[in-house]
Amino acid sequence: MYIFKNAMKNIKRNKGRNLLMAIVMVIISVTCVIALVINGATTSIITDYKNQFGSEVNVELDYAKIYESGDINELPTVTIEELKGYADSDYVKDYYFYLEAPAVSNHISSLNQEDNSGIQGSEGAVGGGPELGPPNLKVIGSTSYQLFEEFKKGERKIISGRIFENDNEIVISEDLAKLNNLKSGDNIVLRSIADVEKDITLTITGIYQDLTKDDSADYAYKDPYMTRRNELLTNYETATTLVGEQSNTMSRIKYFLNSPDDLESFVKEAQGKGLSEYYNFTNNEYLYKQIAGPVESVQKISTVFLVVVLILGGIILVLLNLIALRERKYEIGVLRAIGMKKINVIKTLVYESIIVTMVAVTIGLGVGGLASQPVSDKLLADQIEQRQEQMDNMGGNFGGASAALPNDADIIDSLNAELDLGVVFAIFLIGGLLVIISSSMSLIYITKYEPIKILSERN
Amino acid sequence: MSVLTVNNLSYVYEGTKKKVLNNINISFESKKTYAIIGKSGSGKTTLLALLSGLDLCKNGEILYNGDNLKTIDRDDYRSKKIGVIFQSYNLLTNATAMDNIMLSIDISGVKVDNKKEYAYSLLQKVGIDKETADRKVLKLSGGEQQRIGIARALSHNPDIIIADEPTGNLDTATEEGIMKILTSLSEKEDKCVIIVTHSEKVADYADEVWGITDGKLSLVRKKN
Ligand SMILES: Nc1ncnc2c1ncn2[C@@H]1O[C@H](COP(=O)(O)OP(=O)(O)O)[C@@H](O)[C@H]1O
Ligand SMILES: [Mg+2]
């Protein structure tokens, strides 16, 4: 008991030294708390998003590879049946096919369409068939998952009628409906791009509202085909009738893997089943980077901070102790000379160190806990702003090529930076480390110390 | 009866050749004050280090009540059985005089009814008043520090007091007072008091005076 009391008194006796140590330790623990809290929050959100985006796999031709090899006469093909075959895998949780079919209509004006006359078929053009303007509508057919996915995310919602159920049923956007005075139950006639002779009649079963920001007006070049609100949603079979035989090459498949980490194994497996090496399985890393990028940056910053502070703080603590070692040595000598046992001297030093560290770490936990949320908000806001600036610069260069960019609403712009038990545990672990650092040199000295030194060292 | 016996003790510092102590034999008894007198560098402090168990001899032996210092718990020996007054005080300089005394009592494990009062009275005995007792050692004079060192050596009521130049920093009047305290310890409290000194005047207080020259220890005179 007297050892503990003596340790307490010793702390008071060496106020200056201990205050300095405590301040360094408070700074270390505040930073560690904030960094750990932010790290925890970002890690969980990143894992979420990685799973969401990383496990969505598309199949694409690897043009770089094709270009490299040079002597490819005919592009390798992959059939729908083959793609379905690859989906029969332990790595795949789910998959869907979808098809984006460009379509033209003589009867419907689309949004962002500058003049309708060009689209009117005029006889006598190349090949004798009716001349077609550029596609002004996009039909998206899917084995349904993707469309519902957008509805699930709340980006689109049906505001009247119902979603398509049978072949040749479609839903159209509110804006398109208004522009053409269309409502559920009306029929529209589209002309297929693949087979210009053929008109296809589709029945509107519902109107959807698109809640994403319409930024098409911001761009100088307005392309109706690229305008979201010109999308007609239908099932996969209906879309294939619009592209005819081309459906085999225009169809896209999206696989959903059980884990983003399975991508490589999945590719190997598919190649084993005969997938040409000129095809690539890609996940939506780009979109992921856009959405989770700021959060990833914040995580990196916090990790670097954690490491730097731990190293710097550790060095400062060692230096402080090195400066104090002379005093310490003398103190140890006195205690040993008047018969205090080695183990009790060690206890005294360790108690001192533990008391100072615990006080510092507790303060650190409090301050860090309070500061975590504002700091993380600020960091994230800075990162988002930085990205926005980069994006704006890029936007200037590429004009309207913003199809793959997420909406502002998609970017993760808040983190739940809360102190949890794991962080508290980690901080006390770090506290333990600080105790070891701050008493190690004295402890090493004690084990080597011979009481006789007290007589020579002072004189 | 002999409490501390030195048999055939020789000592050479590591890395040197000179025998600082050369075949020393002496027996210390309770109720007596001893003075060991010698010039500076004659080996007085070396002998004190060995007697107090701060160092171990390679040749010869030192026995405390018949037990070899090599084999007993020397921490216990230093904290309970002997009280050492160091030439350079060796006090905790950041602590108060009181704290130094209290800590020594705590380390020895001696039971005292009212520790604080006891410590104050000990300090009073060597001429340190309460106000001085509560000041940091760092802010006290050499003489005051020496007296605190003496009080600390007495704090756990040891059998043997070993003092290295205990009056080196004191004026004549205080020196007298301190020497009276030390000699009365042997006379009235049955202690064995060993004083290492270069001063003939201090040696005069002792019952036995031993001289140390060229590493040899020999009896100079004895009181009857
Ligand atoms: N740690 C040491 N290493 C080597 N020689 C030492 C050491 N301490 C003391 N000496 C030498 O031993 C001799 C006796 O020293 P010491 O016992 O301190 O003398 P005194 O206390 O009588 O003045 C001196 O010659 C001194 O230089
Ligand atoms: Mg000396």
Side-chain angles (χ1 to χ4, degrees), chain A residues 1-21 320-321 323-349 351-352 355-356 442 445-459, chain B residues 11 13-14 40-41 44-50 52-57 72-96 98-110 115 136-138 149 152-153 155-156 158 162 164-165 196:
Chain A
M1 189 57 201
Y2 82 88
I3 294 170
F4 185 79
K5 262 197 227 155
N6 186 46
M8 289 288 277
K9 278 188 174 169
N10 233 350
I11 292 171
K12 259 191 260 163
R13 281 174 205 144
N14 302 297
K15 263 186 250 125
R17 176 176 83 201
N18 285 307
L19 201 67
L20 215 58
M21 299 257 262
L320 278 180
N321 278 287
I323 293 165
L325 193 61
R326 238 180 84 90
E327 259 178 299
R328 274 286 189 205
K329 278 180 176 175
Y330 174 68
E331 193 186 315
I332 292 164
V334 170
L335 295 175
R336 294 287 288 129
I338 61 174
M340 189 187 259
K341 291 192 160 46
K342 239 180 215 184
I343 181 71
N344 289 341
V345 179
I346 291 173
K347 274 189 198 165
T348 306
L349 296 181
Y351 285 165
E352 269 183 52
I355 294 165
V356 173
S442 305
Y445 182 74
I446 293 173
T447 57
K448 288 189 190 154
Y449 182 79
E450 295 299 333
I452 179 69
K453 280 190 192 155
I454 192 71
L455 296 173
S456 45
E457 293 210 334
R458 196 80 204 290
N459 298 335
Chain B
Y11 192 89
Y13 276 103
E14 225 158 286
S40 177
K44 303 184 296 292
T45 300
T46 307
L47 180 60
L48 175 135
L50 293 165
S52 58
L54 287 169
D55 199 4
L56 287 177
C57 54
I72 64 169
D73 181 339
R74 284 180 301 283
D75 292 328
D76 256 13
Y77 174 68
R78 278 201 305 280
S79 67
K80 296 187 173 98
K81 315 295 188 205
I82 62 165
V84 183
I85 300 158
F86 296 94
Q87 191 170 9
S88 48
Y89 330 130
N90 291 337
L91 299 166
L92 293 177
T93 47
N94 266 336
T96 62
M98 270 296 278
D99 281 344
N100 271 277
I101 308 296
M102 302 274 274
L103 185 61
S104 170
I105 298 169
D106 283 333
I107 291 174
S108 71
V110 166
K115 233 188 288 177
K136 276 196 176 186
V137 168
L138 203 66
R152 183 179 64 184
S155 67
H156 50 281
I162 303 176
D164 197 356
E165 311 273 11
V196 167

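Here is how names work: the chains are called A, B, and so on, in the same order as the sequence lines, proteins then strands, and each is numbered from 1.
The closest side-chain heavy-atom distance from A:Tyr330 to B:Leu92 is not below 4.5 Å.
More than 12 heavy atoms of other residues, nucleotides or ligands shown are found within 6.0 angstrom of OH on B:Tyr13.
In terms of heavy-atom proximity, B:Lys136 sits nearest to A:Arg13 at NZ-O, 3.3 Å.
For A:Lys9, the part lying under 4.5 angstrom from a heavy atom of chain B is the side chain only. Residue B:Arg74 does not touch chain A at all, counting heavy-atom pairs closer than 4.5 Å. Residue A:Glu331 touches chain B through both its backbone and its side chain, counting heavy-atom pairs closer than 4.5 Å.
Identified by a heavy-atom distance below 4.5 Å to chain B, the contributing residues of residues 333-340 of chain A are A:Val334, A:Leu335, A:Arg336, A:Ala337, A:Ile338, A:Gly339, A:Met340, in residue-number order. By a heavy-atom distance cut of under 4.5 Å, B:Asp75, B:Asp76, B:Arg78, B:Ser79 are the residues of residues 75-82 of chain B near chain A, going up by number.
Interatomic distance, A:Glu327 CD to B:Thr93 OG1, rounded to the nearest 0.5 Å: 7.0 Å. In this structure, CD1 in B:Ile107 is found 5.0 Å from OH in A:Tyr2, a value given to the nearest 0.5 Å.
Using a 4.0 Å cut-off between a side-chain N of Lys or Arg and a carboxylate O of Asp or Glu, A:Lys5 and B:Asp106 do not qualify as a salt bridge.
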